[in-house]
Amino acid sequence: MPDLPETFPELTDLSVSQLTEMMEQEEVLFEQFMSLPQLKQIIEDKEDLVKNIEELAKKNLQMEPILESKRQALLEKYELLTEMKTTFEKKMQRQHELSESCSLSALQARLKVAAHEAEEESDNIAENFLEGKTEIDDFLTLFMEKRTCCHSRRAKEEKLQQSISLHSQYHAPL
């Protein structure tokens, strides 16, 4: 008789005639097979696994509403974060624009333009007076007002230029 694996010791004690008889009797063979302890262990293990899988599936189904509500809350928070990021970026852009418009060099340029405009207005007032379109009292009031404004703006522009020059000597460029 050929050597049988040691995993089936029950079959090693059988004779050839018993084995032949078992092959001819399917039921006996099936009963013998079903009585093997290894098969019984496999069946028990399978039943335990099925039971565990069913329990896990039930737990998963019970947790599904909680998971869904948390997922929805996360999506809402992400959407809020996206909105806040967009708002922040817009505010940073606006702050940058305001910062640029308030830089010393931008202020100096605006003062220079304003001084030039006031000078042109005073020149127009003088032309109107010379052409006889304005009375002397009105001319003196308007002309002095515009010239004072022009000189004040030029003085501020020059003072700002000095500050910019002084600042650039001691600090990084503005």
Side-chain angles (χ1 to χ4, degrees), residues 3-14 22-23 25-121 145-146 148-174:
D3 289 339
L4 292 174
E6 290 185 24
T7 54
F8 299 106
E10 298 82 11
L11 297 178
T12 56
D13 297 334
L14 298 174
M22 286 174 67
M23 278 180 36
Q25 297 177 354
E26 237 180 83
E27 282 184 32
V28 173
L29 184 61
F30 183 73
E31 285 177 27
Q32 188 71 30
F33 181 71
M34 292 302 288
S35 67
L36 290 173
Q38 293 90 344
L39 182 63
K40 287 180 181 177
Q41 185 63 47
I42 289 172
I43 291 171
E44 284 178 22
D45 290 348
K46 178 191 161 227
E47 289 172 356
D48 288 345
L49 281 173
V50 168
K51 188 177 175 184
N52 285 340
I53 290 170
E54 287 174 352
E55 287 174 8
L56 282 173
K58 286 177 185 175
K59 285 180 182 177
N60 284 346
L61 287 174
Q62 289 172 349
M63 295 176 80
E64 190 173 358
I66 296 168
L67 180 63
E68 183 58 32
S69 70
K70 291 188 185 255
R71 188 182 75 78
Q72 190 61 37
L74 179 64
L75 287 174
E76 290 169 4
K77 287 182 180 181
Y78 182 76
E79 188 176 312
L80 178 63
L81 175 67
T82 303
E83 290 172 12
M84 291 172 76
K85 180 183 177 210
T86 301
T87 301
F88 174 76
E89 287 172 349
K90 286 179 182 175
K91 287 183 178 183
M92 286 299 293
Q93 179 64 30
R94 179 70 178 139
Q95 188 270 339
H96 179 72
E97 290 168 1
L98 290 173
S99 174
E100 287 291 315
S101 71
C102 293
S103 70
L104 293 178
S105 55
L107 289 173
Q108 181 188 13
R110 284 201 300 270
L111 272 172
K112 188 176 258 184
V113 168
H116 182 69
E117 288 172 354
E119 184 177 23
E120 282 183 1
E121 288 176 20
E145 183 180 304
K146 289 298 174 183
T148 302
C149 180
C150 173
H151 289 297
S152 170
R153 288 177 180 169
R154 281 221 170 97
K156 288 177 183 177
E157 188 258 328
E158 288 172 10
K159 191 171 186 177
L160 188 56
Q161 177 59 44
Q162 289 173 352
S163 293
I164 291 171
S165 297
L166 186 63
H167 188 270
S168 65
Q169 286 177 355
Y170 297 107
H171 298 75
L174 296 175

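All residue numbers in this chain count up from 1 along the given sequence. It should be emphasised that the depicted structure is a prediction, and the values quoted were computed from it without experimental measurement.
With values rounded to the nearest 0.5 angstrom, K77 atom NZ is found 12.0 Å from M84 atom CE. Of the inter-residue distances, the one linking E119 atom CD with R153 atom CZ reads 12.0 Å to the nearest 0.5 angstrom. Atom CD of Q72 and atom CG of L67 lie 11.5 Å apart (nearest 0.5 Å). Here S163 contributes atom OG and K156 contributes atom NZ; the two are 13.5 Å apart, rounded to the nearest 0.5 Å.
The list of side-chain hydrogen bond (donor to acceptor under 3.5 Å, both in side chains) pairs with a residue in residues 80-97, not counting sequence neighbours, reads Q93-E97.
A donor and an acceptor atom, one from each side chain of S35 and E31, are nowhere located under 3.5 Å apart.
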Only pairs under 3.5 Å count here: list side-chain donor-acceptor contacts from residues 45-66, not counting sequence neighbours, and write none if there are none.
residue: D45; atom: OD1; partner: Q41; partner atom: NE2; Å: 2.8
residue: N52; atom: ND2; partner: D48; partner atom: O; Å: 3.4

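The two residues L160 and Q108 come nearest to each other via the heavy atoms CD2-N, 3.4 Å. Nearest heavy atoms, C150 versus A115: SG-O, 3.5 Å.
For the pair V113 and R110, the minimum side-chain heavy-atom distance is 4.5 Å or more.
With respect to L111, the side chain to side chain contact (heavy atoms under 4.5 Å, CB included) criterion is satisfied by exactly one of E158, E157, K159: E157.
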